[in-house]
Amino acid sequence: MATATDAAEPFVLTGRRVWVAGHRGMVGSAIVRRLEADGAAVLTAERRDLDLTRQADVEAWLDRHRPDVVVVAAAKVGGIHANATYPVDFLRDNLAIETNIIHGAHLADVGKLLFLGSSCIYPRLAPQPMTEDALLTGPLEPTNEWYAIAKIAGIKLCQAYRRQYGRDFVAVMPTNLYGPGDNYHPTDSHVPAALIRRFHEAKTAGAAEVTVWGTGRPLREFLYVDDLADACAFVLRHHSGEAFLNVGTGEEIAIGAFAETVAEVVGYRGRIVYDTGRPDGAPRKRLDVSRLAALGWRARTPLRDGLALAYADFLAGGGRFRDVTAG
Ligand code: GDP
């Protein structure tokens, strides 16, 4: 079956040298798995060899390795608490990382670049589901505005290099993600990793109750990370344009129901209580995914199946985590 496309010709990934910046993270590692399966020659740089916040180093690395394609999956990321605790990391470091990579890719004459944003770029009270046109139509959610501002700048950089220099730089905006390789940090993680850890530890300790932050009422949309990686490969092949694309399932679930699902997957049978002293964040952030659907892509992994895979990964890795502030 032919796939709809807004690129003149599908972009060929097989045999291409693709630099995945951020390959150690949950998103970057999923993209590496996907692109290698597609026959791309994936390039990576270890943290000890390349500090992405240093412009001269990033430009020198790109000049030396000359990739055909760059995927910007590198970023300082974390949950609602981490965003409030490390505003400099989420704003300054992310601005530096994306500016260095995008400008360096331009200097190194990279043929195609994919930038990964986030659904938190949209206004806190954007009409639901949120279309790409909601960008910059209202105030942001304060609990993650540092990160959101950096990601909005990344989208605009891609558009600017496209306009001024004709570069084929594109961007996707994923919804909340989960899956293998997540950061299971006890306080700085996103909600899926946080709850997998907390329910697992409560089950192991025989604890009578588990605390979930906030009221349990906010609605979130969760996408399995391998589905995101699949969407990234699809977008690289089939999309070229200033318009960026939402990536999600289009389905939402209340945090309370999500917590119950995680408890079931982990096998925890105690009570769930809510700490309403903790922030809820945005009340709702469901993405309108029709633009990407019209090109022919949709998510495949049901939430419960994806959570089972994530829990297996947590058990296999011993719940490893890293600090947001780590270089
Ligand atoms: P957000 O979508 O940017 O708010 O990302 P998060 O994954 O940090 O939080 C999603 C929702 O889950 C928010 O309403 C949180 O208050 C709620 N939540 C409940 N328990 C936790 C937890 O232990 N960690 C985190 N990060 N969020 C939690």
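In listed order, ligands and their atoms are each counted from 1.
- Checking Pro279, Gly281, Gly256 against atom 16 (O) of ligand 1, the nearest heavy atom belongs to Pro279.
- Tyr268 does not carry Arg198 over the face of its six-membered ring by the limits of under 6.0 Å from the centre and within 45° of the normal.
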Begin from the C-alpha positions of Asp168 and Tyr161 and carry the test side-chain hydrogen bond (donor to acceptor under 3.5 Å, both in side chains) through to its verdict.
CA-CA 8 Å; Asp168 194 1; Tyr161 281 89; over 6 Å; no
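- Close to ligand 1: Arg220, with a non-hydrogen atom less than 4.0 angstrom away.
- Taking each of Leu219, Val191, Thr175, Asp275 in turn, the one with a heavy atom nearest to atom 28 (C) of ligand 1 proves to be Val191.
- In this structure, Pro218 has a heavy atom closer than 4.0 Å to ligand 1.
- In this structure a side-chain-to-backbone donor-acceptor pair under 3.5 Å is present from Asn100 to Leu52.
- Polar contact check, Lys285 against ligand 1: a nitrogen or oxygen pair lies under 3.5 Å apart.
- Taking the six-membered ring for Trp, Phe115 and Phe169 have ring centres at least 6.0 Å apart.
- In this structure, Tyr165 has its ring center under 6.0 Å from that of His106.
- In this structure, Arg198 is part of the shell of residues with a heavy atom less than 4.0 angstrom from ligand 1.
- Scanning all protein heavy atoms for the shortest distance to atom 3 (O) of ligand 1 gives Asn144 ND2, 3.2 Å.
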The test is salt bridge (Lys or Arg N to Asp or Glu O under 4.0 Å); show your working for Asp305 and Arg300 and say whether it passes.
CA-CA 10 Å; Asp305 296 359; Arg300 289 207 182 86; over 6 Å; no
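- In this structure, the protein non-hydrogen atom closest to atom 26 (N) of ligand 1 is Ser189 O, 2.9 Å.
- Heavy-atom proximity to Gly79, at under 4.0 Å, picks out these atoms of ligand 1: 8 (O).
- In terms of protein heavy atoms, atom 20 (N) of ligand 1 is closest to Trp213 N, 3.0 Å.
- Protein heavy atom in closest approach to atom 8 (O) of ligand 1: Ile80 N, 2.7 Å.
- The cationic atom of Lys112 (NZ for Lys, CZ for Arg) lies less than 6.0 Å from the six-membered ring centre of Phe11 and within 45° of the ring axis.
- Where the criterion is an N or O separation shorter than 3.5 Å, residue side chain and backbone included, Ala194 fails it with respect to ligand 1.
- Residues Arg92 and Asp89 are not paired through a salt bridge, judged by the lack of any N-O separation under 4.0 Å between the basic side chain and the carboxylate.
- Protein heavy atom in closest approach to atom 11 (C) of ligand 1: Ile255 CD1, 3.6 Å.
- Using a 4.0 Å cutoff on heavy atoms, Cys120 does not count as a contact of ligand 1.
- Taking every heavy atom of Asn176 and a limit of under 4.0 angstrom, the matching atoms of ligand 1 come to 2 (O), 5 (O).
- Nearest protein heavy-atom neighbour of atom 14 (O) of ligand 1: Asp280 O, 2.5 Å.
- Where the criterion is an N or O separation shorter than 3.5 Å, residue side chain and backbone included, Val212 fails it with respect to ligand 1.
- Looking only at atom types and distance, the side chain of Asp323 has a donor-acceptor partner in the side chain of His185 under 3.5 Å away.
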Given Leu315 and His200, is the side-chain contact (heavy atoms from CB on, under 4.5 Å) satisfied, shown in steps?
CA-CA 9 Å; Leu315 293 174; His200 173 77; 3.4 Å; yes
What verdict does the side-chain hydrogen bond (donor to acceptor under 3.5 Å, both in side chains) test give for Asp93 and Thr53, after you've listed the backbone C-alpha separation in whole Å, the side-chain angles of each residue and the deciding distance to 0.1 Å?
CA-CA 6 Å; Asp93 288 3; Thr53 65; 5.7 Å; no
